[in-house]
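Scroll down for the structure; my scribbles are underneath it.
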Amino acid sequence: MLYKGPYDPNKTEPEILKFWQENNFYKPEYNPETDKIMSFEEMKKDSRPPFSIINPPPNAYDRPHIGNISGYAYQDLFGRYNRMKGKKVLLQPGKDHAGQEGEAVFIKNELKPKGKEKKDFTREEFYKATYEYNEKNMALALKDEIRVGLSADFDRNLFTLDPKIVDTVLDTFMQMYRDGMVYKGVRIINWSPGMQSAISDNDTARIEREAELIYIKYPLEEGKDFIEVATTRPETMLGDTAVVVDPNDKRYSKLIGKYAVLPLINRRIPIIANGKVNQEFGTGAVKLTPAHSNDDYYMTEEWNQLTEQLERKPDAKGRVITEALGYVPKSKIEYWKKIRKEVGKIPYINVIWKDLKMCGPIGKYKGMSIDEAKAEVRKDLEKLGLISKIEKIKQNLTICDRTKTVVEPMMSSQWFIDVNAKDFRQKAIEAIEKGLKNPEAEDAVRIHPSSMAEKALFWLNNLRDWPISRSIWWGYRIPVWYKGEPKEEINKEGQIVQTIGGVEIKNLIEDGKTEAEEKELIKVQVGSPGGGWVQDTDCLDTWFSSGQWPYATLTAGNLMDTFYPTDVMETAYDILEVWVCRMIMFSLYRTGKIPFKNVYLHGLIKAENGQKMSKSKGNVVSMDDIVNQYGADTLRLFYLVGNKAGAAYRVDWEKIKGNRNFLNKIWNASKFSLMNLEDFDPNEKIEITNEEDKKFIEEIKNLTKETTNHLEKFRPGLAAADIYDHFWHTFADIYIETAKPRLYTKDKEGKPINQEGESLKRRKSAQYTLWSSLKTYLQLLHPFIPFITEAIWQELPKQKGEKETIMYSK
RNA sequence: GGGCAGUUAGCUCAGCUGGUAGAGCACUCCCUUGACGUGGGAGUGGUCAGAGGUUCGAAUCCUCUACUGCCCACCA
């Protein structure tokens, strides 16, 4: 019998947890028919249809935050729902090492308080200490996952740096290398002076600040005229290699194809056109510094690639088709050809290096700091009378999100993934498009809500080659070995020169076959090739490993044949692009299959005032704040009821209390039902005599149908809201009240009633209705609020063959 | 600059395939003691941001406008 008084989750939930865990219900090996644990092989052969979810691994260094836990509520909902549908369910848990961030947190939380720094350790010591720190915290995280009732197979918990995972991840790197998809290339990167490392675009932020826009006159090669450019960074003019204008800008049309002479340096630089230049801004003419500006870099790339295609035969109208621009008119081709012939490719000239000092072919400015050079260049230009005006503007500046230092765009050799090779991204695009147009297709990835699919496609369509090296120690060290120390320097001409053991290397990696390989200076393999070989010092970007998480975990568990592709990827919408898209790309490349059939994106939880939760704002609500007071079921209801995919929602204590009240309502209505079912045997044949009973049973059937439909269509919030509402306001408020006169066995004076004849029949009819509807409610509710439903289920009279646990009831 | 959302009762938000506006909280009145006061009943309160269109019928579909939020980005 259920205990008296209000429902107390802190009493019930731990008992239920123990029951589930002792019976191994979370394992796909649990056999509900025999109530025994199958062997691994038996489980694989078991004919129940498989259902799997890979739990997104939270960062290992900390307890999961309230957002991670919300994910578990959804993942567990899908898992429990499918288990009750008779499927063989695997929820695969894990933890992420979180690369750059994991390293930063370890240093801040562990080393700093002890007065230590990273450089006090050798690389091996540091890695070991970080690993231990993460292992310790991972244990805490696991406790939280268990506490909220996540029915994942925790014996299978995996860490991204587990050797079994490492094997798969590094193997992918090597395979991609052989396929010509990873290369070490000199490209523009975001250099974070704070991190002393290249950082990805995702790790940058923008700030607005005041800046001086300086108008500089560049003398034209012919005549005494000038072309005027505007810049906030005069020091970078030392690395200018062209001036760019809008092709439709009439002011400059005559100058396109001519040359200017770079002041201070006297370099002859062409004037070219590119539609990305904005006529309105500054003078409408841009100085092109490809080595130190993202914009300029990509404009230069485009120019060089397009003009390279000029060899192609023109059509009858004299046009040439190019991959990027379609047909290029004859007028354009002429000046392209001229400049291409005269200067070849537009070069990159590096004038700033990682120590933030000036370098390259820049005369007296060499060795100055950026600020010194800025002042000096300005002074010298003024002397020459080449500065025409200075204007204050608001400028958007890129900063390093973690260290808040200003990002310095510069060129450096980094490992990259060619996102176009082997249709790496194209296949992902197709899978997502299929999810929109032909969702039933085998290889379609359906994204819920579907509007988010557009976001994913937008990202994929605009994706550039992905830099994957990071200057950190915490992570997968790049499995590349050099014969001697690799070095990177800027020479007198401002060109980056790479050497391995003193031997100069051009095109370190290209198309899988490289000069370095031919000279036996480089090897790509996991273990050391032997004495004299030096491993690359960088680690792989953390998304390189987490992007492989679904098949890496299942490969580690030897479960690919049984559970891949997985059924649902359930995660927060803010990592749709950086994580979900990458998983799709990797999986299609590596396994030829989609990693998951559905993506469900839950909303982000905001603080009470609607702001983002953050430690610095002090508005973080932890799982403990809610669970300790109201229990895990209440927290789960808060995540689920009425919420929709992709929408943000706020912590709302009134709603949370309301959910707690709902649990109490379930508890009391069940208590009432059980009291009136003490003499009821569901195995007896019972006739439903009353119209209202028939009607109510019919209603329950409809509710089941509707909520099932909601769940199948990935609308868990509506399903939860419907059951919540129906239980409370139809079952408890109406049905039970109307059935009371038929259920009572004594009247107000204490005389027996409903004990025989027709009135007894009516009572039995009500009992059956009460029993069967409560049973159905519990089953419908179980995926949302597993604890209380299990506790009541166990007290409910059973029909022959019915399960002890609601988890495997059908 | 581009992309994606949102704008519904005083507040926080639902509203799936178009069919007479919903919940919780708040507010007003009432009822309850043998499941539950963490309860029950009744009620107040909205021209569903604005304009136009499609339709027998639009909060729902289309177009435009305004505002808010998020993300991306190559204005020197």
Side-chain angles (χ1 to χ4, degrees), chain A residues 2 4-7 188 201-202 204 206 211 213-214 229-233 236-237 243-244 274 276-289 292-299 301-302 393-396 398 409 449 451-459 461-462 464 573-574 576-578 603-604 606 608 610 612 630 641-644 646-676 706 709-710 713-715 717-722 724-725 728-729 732-734 736-737 740 744 746-748 750:
Chain A
L2 304 177
K4 282 195 169 183
Y7 176 61
I188 195 141
D201 287 346
N202 300 315
T204 64
R206 296 260 169 165
L213 185 65
I214 301 173
V229 300
T231 180
T232 54
R233 300 200 60 187
T236 63
M237 71 169 283
V243 173
V244 198
N274 188 307
K276 282 159 193 160
V277 173
N278 178 359
Q279 294 190 28
E280 311 290 318
F281 191 90
T283 63
V286 185
K287 60 188 268 314
L288 192 81
T289 321
H292 299 290
S293 156
N294 283 306
D295 322 10
D296 299 5
Y297 178 84
Y298 291 110
M299 281 196 274
E301 281 260 284
E302 192 183 308
I393 59 156
K394 285 227 167 105
Q395 179 195 29
N396 276 327
T398 306
S451 62
M452 295 269 179
E454 302 290 342
K455 278 179 75 177
L457 288 171
F458 183 79
W459 186 83
N461 281 318
N462 291 291
R464 293 205 193 100
Y573 67 75
D574 60 342
L576 168 65
E577 290 96 338
V578 291
L604 298 180
K606 301 285 169 65
E608 275 177 274
K612 203 174 166 178
Y630 301 116
V641 177
N643 289 325
K644 56 180 175 183
Y649 56 103
R650 326 176 164 190
V651 171
D652 181 342
W653 290 100
E654 290 305 322
K655 217 178 230 177
I656 291 167
K657 277 184 203 155
N659 291 333
R660 185 267 317 264
N661 295 353
F662 177 59
L663 295 184
N664 198 50
K665 193 71 180 174
I666 296 174
W667 188 250
N668 281 300
S670 302
K671 205 157 42 174
F672 173 83
S673 303
L674 291 172
M675 269 167 56
N676 288 284
E706 274 167 33
N709 185 37
H710 279 317
K713 300 238 169 89
F714 289 89
R715 299 191 292 254
L718 286 182
D722 280 359
Y724 182 108
D725 185 68
W728 198 325
H729 302 297
D733 290 350
I734 299 170
I736 287 184
E737 291 305 323
K740 270 179 180 174
Y744 286 145
K746 285 174 187 165
D747 68 7
K748 283 195 176 170

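What's counted below: heavy atoms across the whole structure, side chains too, no hydrogens, waters or symmetry copies. Chain letters run A, B, ... following the sequence lines, proteins first and then strands; every chain starts at 1.
To the nearest 0.5 angstrom, A:Leu2 atom CG is 12.0 Å from A:Ile666 atom CD1. One finds the OG1 atom of A:Thr232 at 8.0 Å from the CD1 atom of A:Ile214 (value rounded to the nearest 0.5 Å). Rounding to the nearest 0.5 Å gives a distance of 6.0 Å between NZ of A:Lys655 and CG of A:Asn643. To the nearest 0.5 Å, the span separating CG on A:Asp722 from CD on A:Glu706 amounts to 6.5 Å. Taking CG of A:Asn664 as the reference point, atom CZ of A:Arg660 lies at 7.5 Å (rounded to 0.5 Å).
The A:Ala669 side chain lies nearest to B:rA35 when the options are B:rA35, B:rA76, B:rC4. Comparing B:rC4, B:rG3, B:rA76 by their closest approach to the side chain of A:Phe458 singles out B:rG3. Distances were taken from every side-chain heavy atom of A:Thr231 (C-beta onward) to each of B:rA35, B:rA76, B:rG3; the shortest belongs to B:rA76. Considering only side-chain atoms of A:Asn668, the nucleotide from B:rC36, B:rU38, B:rG39 that sits closest is B:rC36. Comparing B:rU38, B:rC4, B:rC74 against the side chain of A:Lys455 picks out B:rC4 as the nearest. Picking from B:rA76, B:rA35, B:rC71 the nucleotide with the shortest atom distance to the side chain of A:Glu577 gives B:rC71. The side chain of A:Asp295 lies closest to B:rC75, out of B:rA35, B:rC75, B:rU38.
In this structure, A:Val277 reaches the bases: a heavy-atom distance under 4.0 Å links it to at least one base atom across the strands shown. Note on A:Ala285: nothing from the nucleic acid sits closer than 4.0 angstrom, heavy atoms only. Heavy atoms of A:Asn664 sit under 4.0 angstrom from at least one base atom. Contact annotation for A:Arg650: backbone-only contact, meaning every heavy-atom pair under 4.0 Å involves sugar-phosphate atoms and none involves a base. Among the atoms of the strands shown, only primed sugar atoms or phosphate atoms (P, OP1, OP2) are found under 4.0 Å from some heavy atom of A:Ser451. Looking at heavy-atom distances under 4.0 Å, A:Tyr7 makes no contact with the nucleic acid at all.
Rounded to a whole Å, the CD1 atom of A:Ile666 is 13 Å from the C1' atom of B:rU38. If you measure from atom CG of A:Leu2 to atom P of B:rA35, you get 14 Å, rounded to the nearest angstrom. To the nearest angstrom, P of B:rG34 lies 11 Å from NZ of A:Lys4. Atom NZ of A:Lys657 is separated from atom P of B:rG39 by 12 Å (rounded to the nearest Å). Between A:Ile736 atom CD1 and B:rA35 atom C1' there is a gap of 7 Å when expressed in whole angstrom units. Note: CG (A:Asn676) to P (B:rC36) measures 12 Å, nearest angstrom. Atom CD in A:Glu608 sits about 12 Å away from atom P in B:rC13, given to the nearest Å.
Among the duplex regions that RNA chain B forms, those built from at least three successive Watson-Crick or G-U pairs under 3.5 Å are B:1-7 with B:66-72, B:10-13 with B:22-25, B:27-31 with B:39-43, B:49-53 with B:61-65, ordered by first number.
Of the side-chain N and O atoms in A:Lys276, none sit less than 4.0 angstrom from OP1 or OP2 of B:rG1. Between B:rA35 and A:Tyr744, a contact under 4.0 Å exists linking OP1 or OP2 to a side-chain N or O. At B:rG40, one or more side-chain N or O atoms of A:Trp728 fall inside 4.0 Å of OP1 or OP2 (strictly under the cut-off).
Of the C1' atoms belonging to B:rU55 and B:rG19, the separation is 12 Å, rounded to the nearest Å. Rounded to the nearest Å, the gap between the C1' atom of B:rU47 and that of B:rA58 is 14 Å. Rounded to whole Å, the separation between the P atoms of B:rU38 and B:rG43 comes to 25 Å. Taking atom C1' on both nucleotides, B:rA23 is separated from B:rU8 by 13 Å, rounded to a whole Å. Taking atom P on both B:rC64 and B:rG3, the two are 12 Å apart, rounded to the nearest angstrom. Between B:rG6 and B:rA59, the distance separating the two C1' atoms is 14 Å to the nearest Å. Rounded to a whole angstrom, the distance from the P atom of B:rA21 to that of B:rU68 is 31 Å. Going from the P atom of B:rA73 to that of B:rC11 covers 36 Å, rounded to whole Å.
Of the two residues contacting RNA chain B, namely A:Phe662 and A:Glu454, the nearest-nucleotide position lying further toward the 5' end is that of A:Glu454. Mapping A:Met452 and A:Arg464 onto RNA chain B by nearest heavy atom places A:Met452 closer to the 5' end of the strand.
The number of heavy atoms from other shown groups lying within 6.0 Å of CD (A:Glu737) is above 12.
The cationic group of A:Lys740 lies under 6.0 Å from the six-membered ring centre of A:Phe672 and within 45° of the ring axis, placing it in a cation-pi geometry.
For a distance-only test at 3.5 Å, the side chain of A:Asn278 qualifies as a donor-acceptor partner of the base of B:rC75. Taking only distance into account, the side chain of A:Glu737 meets the base of B:rA35 through a donor-acceptor pair shorter than 3.5 Å.
Considering only residues two or more places apart in sequence or on other chains, A:Thr236 meets the side chain to side chain contact (heavy atoms under 4.5 Å, CB included) condition with A:Arg233, A:Lys287, A:Thr289, A:His292, A:Ile352. Applying the side-chain hydrogen bond (donor to acceptor under 3.5 Å, both in side chains) test to A:Asn462 and every residue at least two apart in sequence or in another chain returns nothing.
Not one N or O on the side chain of A:Asp725 forms a donor-acceptor pair closer than 3.5 Å with the backbone of A:Ala721.
Taking 4.5 Å as the limit, every side-chain heavy atom of A:Asn274 sits out of range of all side-chain heavy atoms of A:Tyr298. With contacts defined as side-chain heavy-atom distances shorter than 4.5 Å, the pair A:Met299/A:Val277 qualifies. Contact check for A:Tyr630 versus A:Ile656: side-chain heavy atoms found under the 4.5 Å cut-off. At least one side-chain heavy atom of A:Arg715 sits under 4.5 Å from a side-chain heavy atom of A:Asn709.
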Between the protein and nucleotides 20-25 of chain B, list every N/O to N/O distance that falls short of 3.5 Å.
none

Could you pull out the protein-nucleic contacts involving nucleotides 14-18 of chain B (nitrogen or oxygen on both sides, under 3.5 Å)?
residue, atom, partner, partner atom, Å
B:rG15, OP2, A:Lys644, NZ, 3.2
B:rC16, O2', A:Arg715, NH1, 2.3
B:rC16, O2', A:Arg715, NH2, 3.3
B:rC16, O2, A:Arg715, NH2, 3.1

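Nearest heavy atom pair, residue A:Thr283 against residue A:Ala230, reads OG1-N, 4.2 Å. Listed here is the closest heavy atom pair of A:Leu576 and A:Met452: CD2-O, 3.3 Å. The shortest non-hydrogen separation linking A:Val229 to A:Val286 is CG1-C, 4.1 Å.
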- Note on the structure: Scoring nucleotides 59-69 of chain B by protein non-hydrogen atoms under 4.0 Å (B base, S sugar-phosphate only, - none) yields -----------

